[in-house]
Engineer: 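Encoded as structure tokens, here's the structure I'll be asking about.
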There are 2 protein chains.
Amino acid sequence: MKTLPSLSLAGIIAASLLGCQSSSLQHQASIQLQQTAVNSSLGYDIVESLTVEVGPRLAGSKNDLVAVKWAEDKFKQLGFDKVYKEPVQVPVWNRGEAKASIISPFPQPLVITALGGSVATPDNGLQAQIIRFDNLTALKEASSESVKGKIVFIDQKTERHITGKGYGKSVGGRSRGAISAAEKGAVGIVIRSIGTDHDRMAHTGMMRYKDGVQKIPAAALSAPDADQLNAMLKRDSNIVLSLDMSPQHLGSTTSYTVIGEITGKSKPEEIVLIGAHLDSWDEGTGALDDGAGVGIVMAAGKHILDLNERPARTVRVVLYAAEEIGLVGGKQYAKVHAGELDNLYIAAESDFGAGYIYRIDVNVAPQKFEQVKTELSSMTINGVKLGNNEAGGGPDVSMMPSLGVPVASLRQDGRDYFDYHHTPNDTIDKIDPKALAQNVAAYAQFAYLMAESTVDLRPLKQ
Amino acid sequence: MKTLPSLSLAGIIAASLLGCQSSSLQHQASIQLQQTAVNSSLGYDIVESLTVEVGPRLAGSKNDLVAVKWAEDKFKQLGFDKVYKEPVQVPVWNRGEAKASIISPFPQPLVITALGGSVATPDNGLQAQIIRFDNLTALKEASSESVKGKIVFIDQKTERHITGKGYGKSVGGRSRGAISAAEKGAVGIVIRSIGTDHDRMAHTGMMRYKDGVQKIPAAALSAPDADQLNAMLKRDSNIVLSLDMSPQHLGSTTSYTVIGEITGKSKPEEIVLIGAHLDSWDEGTGALDDGAGVGIVMAAGKHILDLNERPARTVRVVLYAAEEIGLVGGKQYAKVHAGELDNLYIAAESDFGAGYIYRIDVNVAPQKFEQVKTELSSMTINGVKLGNNEAGGGPDVSMMPSLGVPVASLRQDGRDYFDYHHTPNDTIDKIDPKALAQNVAAYAQFAYLMAESTVDLRPLKQ
């Protein structure tokens with residue numbers, strides 16, 4: 001980690017240029033944090049340590065507990081004031097194998113992956129005709145007669161967008177497609193991967209079943225394989241697919257949300273929470289999802305620890321368990337900490353890869369919005385614009401606004417995020433170290449400034 | 001397929017602008033071919049037909065014979081004057097499964113693929129310490145003591161270059177690494193994929209054994225997995241890898257080289273050969289390697305068929321069997337046709353994907369080189385420069401110059417070829433239809449002009 005010799009002067013000048021309302025001391029420290037962070041490889045080093053020494057860490061797997069131990073050790077090694085973990089019960093699901101092939105009229109294998117939580121096919125596999133739909137809505141509108149006994153193919157493309165909004169538009173087919181398909185008598189479902197790439201890799205991700213509705217096997221096809229099915233369907237409407245999948249549900253086990261704290265100097269009971277999730281899917285090494293987030297918030301905390309003195313409020317770095325399989329750790333955290341949510345000053349989670357942060361949005365009392373923007377104004381030296389009051393906060397803190405807790409969303413450039421998301425390709429070479437360091441700087445500034453803030457952020461608008 | 005109304009006029013003008021020596025009739029026809037081809041989707045349609053309706057077609061597999069039937073049917077459907085096939089005995093190798101994982105100190109799975117021709121691991125797999133080498137030369141220089149009982153890891157990166165020359169520099173580790181490793185007592189070998197991408201896909205490709213040297217299992221790691229091994233080795237020199245591979249050698253079978261001819265009008269016994277290989281590796285659909293070549297030479301032939309009259313010489317479109325597994329079809333062709341090689345006027349193979357052709361090189365009698373360039377001069381309207389007299393001709397015709405047969409190399413932009421080569425990612429979405437059409441145009445012009453050429457191209461320099 002390098003430090004710049006002319007730091008204080010630069011800080012003072014920048015702070016005066018910004019014409020901030022809050023004390024120039026806070027802004028000096030914020031600017032110092034930014035400069036330290038962008039010149040440090042700490043965030044990247046943490047991601048590398050996690051992805052190399054632990055690698056894939058599916059919630060409930062053996063490696064998940066290796067990751068928990070890694071996180072405790074790393075927090076301690078970085079010198080956090082308090083390090084502890086909180087148990088979370090998680091279901092255990094093992095991917096097993098997933099194979100698919102066209103039986104007729106053009107026999108050949110296809111690349112698929114099981115969706116998270118899918119049941120297995122029968123022992124001898126499953127062979128049935130494909131029926132294609134543009135999207136989940138089209139499936140819902142189809143007659144049971146047309147779907148019965150077939151394998152549903154939902155073929156919705158995911159739009160590339162800086163905000164990642166294409167994901168929200170297409171992910172319904174993944175999460176709820178098996179229910180709709182089974183309600184109409186389908187024997188299985190395959191979807192075009194929820195992804196923006198054109199690699200021969202399928203994107204996994206969580207899917208759901210519904211009590212009282214048959215559980216059918218569910219898989220994703222890579223984009224080229226979905227294209228291939230379409231090219232076949234143009235030639236022949238009777239395409240027979242074979243599916244052979246062996247995932248297993250193996251009860252439940254205990255995982256942990258791991259927490260490191262920087263104890264506040266004057267208001268230690270008030271908490272600024274910056275989080276990420278520790279678990280990952282099992283096919284990549286979880287570098288972008290969410291090793292990056294882990295590196296960002298741990299490194300941000302470390303840079304705050306390295307300041308001359310602790311900020312007023314406690315900064316709590318939370319590495320949630322089991323996000324991928326249904327925000328299990330996030331929901332558990334909200335439940336266990338229900339009694340102290342009044343003391344949760346503001347929360348934000350980093351869980352969208354490692355692209356540059358271009359804007360910070362918040363969700364605070366509307367009449368305090370301008371004041372908060374002023375308090376955060378030194379974040380602009382890091383290329384972060386001050387945005388709107390419509391933040392969601394991130395997956396594991398997404399329930400916080402409804403519980404009255406302010407949140408922030410540090411918006412990352414997510415244009416390539418869904419090229420790699422939930423695939424074997426989610427590895428550290430996809431991370432730009434400079435962009436990651438800019439993220440660390442933004443989280444360090446945000447957490448520090450909020451830990452020093454003098455504004456009462458509540459009540460949120462309802 | 002579209003034709004341009006102002007074709008003859010454009011042809012005449014272009015031919016005069018070129019100031020060619022050969023008759024303006026040939027140049028008019030050449031220019032007409034170029035314009036027809038670049039405005040046609042025929043080449044792309046052929047690749048799509050092959051990759052969708054046949055898909056992967058490993059020599060000796062069931063689908064290989066589906067491809068042979070497809071090729072015969074397609075030649076006939078396109079109206080070639082003569083369609084026939086020539087038997088080729090090919091070994092049968094089945095990939096089976098290939099799994100690898102780090103056992104200690106950082107347990108996690110790695111992405112590998114078996115190299116073509118590899119033997120299986122023992123039934124319970126193979127576990128041994130990794131020993132890393134920069135390249136094959138470094139392995140050769142190592143002591144047997146240091147290698148014995150270990151799994152060799154050859155970690156050479158492949159340089160990206162328009163000519164693909166990086167491949168030649170690194171491929172020795174793939175083809176001959178298992179021999180050198182086994183000679184020093186290694187129990188297995190894994191190599192960094194011979195590829196220029198950073199996708200989590202391993203590149204297969206042929207490897208060899210040597211009589212009298214132990215046959216050890218050989219696999220390729222994807223680039224991110226090779227990086228991962230390096231990151232582990234920086235932390236701990238004792239990395240234990242588990243390999244579990246089940247490829248099978250299943251004797252041999254008959255495949256076929258499939259040939260379509262356009263019978264020459266005045267010198268039908270003289271042959272201009274344009275070729276590609278029909279087989280592919282088994283993990284992709286063989287779109288770039290070598291579906292593109294198949295589409296290019298078949299479509300080029302069709303455009304020549306559509307001219308008002310047949311060119312003087314016969315244009316023979318040869319779709320070689322079993323190139324990937326060791327130029328089996330190409331070698332067989334040279335053997336079977338040994339008696340008629342005097343009549344083989346010139347030969348060229350398209351087997352480097354679908355990137356734009358930027359130059360044509362030839363290998364002809366040195367004193368005829370300038371004349372040949374003049375004969376080919378109308379190829380420049382297609383963006384193809386006239387190059388040197390150092391052509392190799394392509395894999396399946398690579399033995400031709402040593403047999404006295406002139407060849408040409410139509411040089412393609414291969415900058416992204418080794419991103420996809422020999423991986424599951426070799427699918428049709430990686431082909432730019434416009435670039436493919438430009439290739440078709442170049443082969444059509446080349447084959448036509450050579451079939452009409454008045455130059456005696458021999459003897460080659462020795």
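Throughout, protein chains are lettered first and strands after them, A, B, ... in sequence-line order, and every chain is numbered starting at 1. What you see below is based on every heavy atom in this structure, not just the backbone, and it leaves out hydrogens, waters and symmetry mates.
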Engineer: Measure B:K430 against the heavy atoms of chain A and call it side chain, backbone, both or neither at under 4.5 Å.
Structural biologist: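 Only the side chain of B:K430 comes within 4.5 Å of chain A.
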
Engineer: For B:H421 and B:F418, take the angle between the two ring planes, folded into 0 to 90°, and tell me which bin it lands in: parallel under 30, tilted 30 to 60, perpendicular over 60.
Structural biologist: perpendicular

Engineer: For the residue pair A:H198 and A:D227, establish whether any side-chain heavy-atom pair is separated by less than 4.5 Å.
Structural biologist: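 The answer is yes, as the side chains (C-beta and beyond) meet within the 4.5 Å cut-off.
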
Engineer: Please answer whether the main-chain N or O of A:G96 pairs with a side-chain N or O of A:S246 as donor and acceptor at a distance below 3.5 Å.
Structural biologist: no

Engineer: Using modelled atom types and a 3.5 Å cut-off, is there a donor and acceptor pairing between side-chain atoms of B:E323 and backbone atoms of B:S280?
Structural biologist: no

Engineer: Under a 4.5 Å heavy-atom cutoff, which of B:M232, B:K62, B:E48 has the most pairs with chain A?
Structural biologist: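 The option with the most such pairs is B:E48.
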
Engineer: Name the region of B:S61, side chain, backbone, both or neither, that has any atom closer than 4.5 Å to a heavy atom of chain A.
Structural biologist: neither

Engineer: So A:R95 and A:D282, do their side chains get closer than 4.5 Å, heavy atoms only?
Structural biologist: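 A side-chain contact under 4.5 Å exists here.
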
Engineer: Can you tell me which of A:D426, A:T427, A:V66, A:D197 forms the most heavy-atom pairs within a distance under 4.5 Å of chain B?
Structural biologist: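 Highest number of pairs under 4.5 Å: A:T427.
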
Engineer: Heavy-atom cut-off 4.5 Å, strictly under: side chain, backbone, both or neither for A:P105 against chain B?
Structural biologist: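 Contact with chain B is absent: no heavy atom of A:P105 under 4.5 Å.
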
Engineer: Please classify the contact between B:N63 and chain A as side chain, backbone, both or neither, with a heavy-atom cut-off of under 4.5 Å.
Structural biologist: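 Contact with chain A: side chain only.
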
Engineer: Write down the atom of A:R200, the atom of B:G284, and the distance for their closest heavy-atom approach.
Structural biologist: NH1-CA, 3.7 Å

Engineer: Could you look at A:K234 and say if it's the side chain, the backbone, both or neither that has a heavy atom under 4.5 Å from chain B?
Structural biologist: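 Neither the backbone nor the side chain of A:K234 comes within 4.5 Å of chain B.
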
Engineer: For chain B, which candidate among A:R57, A:E283, A:E53 shows the most heavy-atom pairs at distances under 4.5 Å?
Structural biologist: A:E53

